[in-house]
Amino acid sequence: MKRVIVGLSGGVDSSVAAYLLKEQGYEVIGLFMKNWHDDSVTISDECPWLDDSNDAMLVADKLGIPFQTIDLSEQYKERIVDYMFDEYQKGRTPNPDVLCNREIKFDVFMKIALDLGADYVATGHYCRKGTIEKDGETVYQLLAGVDTNKDQSYFLCQLSQDQLSKALFPIGELTKPQVRDIATKLDLVTADKKDSQGLCFIGKVRLPEFLQQKLKPKAGVIVEVSAENNAYNSKAPIFTTKEEELQYLTKKINYSVEDGTIVGKHQGAHYFTKGQRKGLAVGGTVEPLFVIDTDVEDNVIYTGQGKQHPGLFKKALFVTHDELHWVREDLELNVNETLHVKARIRYRQALENATLYRVENGLYVEFENPQSAITEGQFVAWYLDDELVGSGVIS
């Protein structure tokens with residue numbers, strides 16, 4: 001009998017995952033990960049970890065499976081929280097959910113599970129795992145969940161073959177309504193619980209306050225850049241190579257305060273991210289202002305009116321060699337090779353046609369259509385049909 005350890009988060013998805021595994025004849029053990037100690041920044045009445053761990057315990061009890069809580073706060077702080085502060089300080093926008101899966105659930109947590117004699121680790125993610133034989137080797141595939149509305153393969157875009165080999169995703173074949181339905185029939189306490197938002201496993205965190213603990217507020221100006229700015233109308237030069245063209249397409253516009261009008265003040269450029277609309281507190285414009293760039297060195301936020309502002313759009317992005325990851329190592333591109341894929345730059349974005357170009361120092365992703373708010377520090381993930389084959393950090 002194979003032993004599976006399920007990360008029970010106190011939500012409906014992992015509850016049903018545990019139930020399905022038990023039905024399939026596995027020996028199932030539920031583990032709740034406690035990843036956060038500092039209650040001063042969590043919005044305490046919104047899903048604090050204590051309620052969640054109680055719900056997880058009640059579910060385990062109902063399903064008749066052993067349950068325990070493990071404290072991973074130290075590793076979480078080191079690998080996720082410190083990394084986030086560091087990225088925000090550099091003016092990048094990290095994705096804690098992707099990191100939490102790579103660093104915590106499928107690394108620290110997985111090692112604990114294997115030490116407890118588990119054959120597999122299971123989570124309540126909406127995605128599927130496939131296997132194919134290639135040159136006599138077993139290759140694992142990360143496939144999108146059947147529920148296209150809930151597909152969470154993007155959050156697992158940094159997993160390795162080794163991690164996938166020991167992972168199970170029991171609810172990947174189901175839709176959210178089906179999962180809720182099963183939980184209701186079983187009378188699980190989590191059946192009607194709403195989906196958790198906020199940092200992976202911390203519960204709801206007020207991000208600015210969370211960041212402010214480390215990143216001190218400092219007043220700066222908000223500049224509005226006109227859509228008519230010359231930077232957007234410059235004629236493209238003649239390119240002799242594709243790589244030259246890609247370098248041109250990914251080049252950052254270096255804005256200066258002289259490029260626009262000062263329209264307001266802010267408390268720290270590192271609290272803002274590209275494409276952001278809320279929190280600017282500047283009124284009186286015909287269309288709402290969106291952040292088109294942040295300069296953490298000079299502490300300036302550059303904005304433009306309306307979501308069609310040319311400063312928001314770009315056709316290509318670059319991933320450095322060090323931040324490039326192939327889930328399917330066998331499909332890795334060699335220098336000068338290209339691949340037509342579908343790609344997304346954020347969770348729940350519709351997949352877009354794109355071409356990958358492998359160069360000496362990394363990989364370019366060129367989209368068929370310009371993309372809004374390509375954000376440094378976020379992940380780009382690329383797919384062949386419904387299989388996620390690789391990802392990288394946008395540089």
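For clarity, every value in this text was computed on a predicted model and none was experimentally measured.
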Quick one: [atom1] on [X] to [atom2] on [Y], what's the gap to the nearest 0.5 Å?
{"X": "Gln267", "Y": "Asn299", "atom1": "CD", "atom2": "CG", "value": "9.0 Å"}
{"X": "Lys315", "Y": "Leu249", "atom1": "NZ", "atom2": "CG", "value": "7.0 Å"}
{"X": "Asn95", "Y": "Ile345", "atom1": "CG", "atom2": "CD1", "value": "12.0 Å"}
{"X": "Leu8", "Y": "Asp52", "atom1": "CG", "atom2": "CG", "value": "11.0 Å"}
{"X": "Asp293", "Y": "Lys274", "atom1": "CG", "atom2": "NZ", "value": "5.0 Å"}
{"X": "Arg358", "Y": "Glu243", "atom1": "CZ", "atom2": "CD", "value": "11.0 Å"}

Is [X] salt-bridged to [Y], going by a charged N under 4.0 Å from an acidic O?
{"X": "Glu376", "Y": "Arg92", "result": "no"}
{"X": "Asp107", "Y": "Arg102", "result": "no"}
{"X": "Asp13", "Y": "Lys150", "result": "no"}
{"X": "Lys134", "Y": "Glu137", "result": "no"}
{"X": "Lys90", "Y": "Glu87", "result": "yes"}
{"X": "Lys111", "Y": "Asp115", "result": "no"}

[X], [Y]: one ILVMFWY side-chain cluster at the under-4.5 Å cut-off?
{"X": "Ile394", "Y": "Met84", "answer": "no"}
{"X": "Phe313", "Y": "Ile253", "answer": "yes"}
{"X": "Trp326", "Y": "Val393", "answer": "no"}
{"X": "Tyr88", "Y": "Tyr83", "answer": "yes"}
{"X": "Val98", "Y": "Ile374", "answer": "no"}

Side chain to side chain contact (heavy atoms under 4.5 Å, CB included) evaluation trace for Val6 with Leu21: CA-CA 9 Å; Val6 184; Leu21 290 165; 3.6 Å; yes
Side-chain H-bond candidate by donor/acceptor type, [X] with [Y], under 3.5 Å:
{"X": "Thr273", "Y": "Gln276", "result": "no"}
{"X": "Asp162", "Y": "Ser160", "result": "no"}
{"X": "Asp322", "Y": "Thr320", "result": "no"}
{"X": "Ser226", "Y": "Glu228", "result": "no"}

Got a donor-acceptor contact below 3.5 angstrom from the [X] side chain to the [Y] backbone?
{"X": "Gln178", "Y": "Leu174", "result": "no"}
{"X": "Thr294", "Y": "Ala269", "result": "no"}
{"X": "His270", "Y": "Val296", "result": "no"}

Stepwise salt bridge (Lys or Arg N to Asp or Glu O under 4.0 Å) check, Lys242 with Glu245: CA-CA 5 Å; Lys242 183 69 190 176; Glu245 183 191 352; 3.3 Å; yes
Using a 4.5 Å cut-off on heavy atoms from C-beta on, say whether the side chain of [Y] contacts that of [X].
{"X": "Val139", "Y": "Gln161", "result": "yes"}
{"X": "Arg328", "Y": "Leu384", "result": "no"}
{"X": "Leu156", "Y": "Leu388", "result": "no"}
{"X": "Ile29", "Y": "Leu116", "result": "no"}
{"X": "Val327", "Y": "Val389", "result": "no"}
{"X": "Asn229", "Y": "Pro310", "result": "no"}
{"X": "Tyr154", "Y": "Asp97", "result": "no"}
{"X": "Gln371", "Y": "Leu317", "result": "no"}

With a sphere of 6.0 Å drawn around [atom1] of [X], does it hold more than 12 non-hydrogen atoms of other residues, nucleotides or ligands?
{"X": "Asn336", "atom1": "CG", "answer": "no"}
{"X": "Lys278", "atom1": "NZ", "answer": "no"}
{"X": "Asp192", "atom1": "CG", "answer": "no"}
{"X": "Asp385", "atom1": "CG", "answer": "no"}

Residue pair Glu287, Lys307: steps toward the salt bridge (Lys or Arg N to Asp or Glu O under 4.0 Å) verdict: CA-CA 9 Å; Glu287 286 191 83; Lys307 54 159 84 78; over 6 Å; no
Plane angle bin for Tyr347 and Phe155 - parallel if under 30°, tilted between 30 and 60°, otherwise perpendicular: tilted
Geometric class of the Tyr364/Phe318 ring pair [parallel <30°, tilted 30-60°, perpendicular >60°]: tilted
Ring pair (Phe, Tyr, Trp, His ring centres under 6.0 Å) partners for Tyr255, two or more places apart: Tyr302
Pair Thr93-Gln378, side chain to side chain contact (heavy atoms under 4.5 Å, CB included): steps then yes or no: CA-CA 6 Å; Thr93 308; Gln378 290 277 313; 3.6 Å; yes
Contact summary for Leu164 and Gln141, nearest pair of heavy atoms: CD1-C, 4.1 Å
Nearest heavy-atom neighbours spanning Ala343 and Phe367: CB-CE2, 3.8 Å
Sequence neighbours excluded, every pair satisfying ring pair (Phe, Tyr, Trp, His ring centres under 6.0 Å) that has a member inside residues 95-116: none
Step-by-step side chain to side chain contact (heavy atoms under 4.5 Å, CB included) determination, Val225 to Tyr232: CA-CA 11 Å; Val225 179; Tyr232 309 130; 3.7 Å; yes
Derivation of the salt bridge (Lys or Arg N to Asp or Glu O under 4.0 Å) call for Asp51 and Lys193: CA-CA 11 Å; Asp51 292 354; Lys193 199 164 166 183; over 6 Å; no
Residue pair Thr190, Ser15: steps toward the side chain to side chain donor-acceptor pair (under 3.5 Å) verdict: CA-CA 7 Å; Thr190 53; Ser15 307; 3.0 Å; yes
Stepwise side chain to side chain contact (heavy atoms under 4.5 Å, CB included) test for Arg128 and Asp386: CA-CA 10 Å; Arg128 295 167 299 144; Asp386 63 349; 2.7 Å; yes
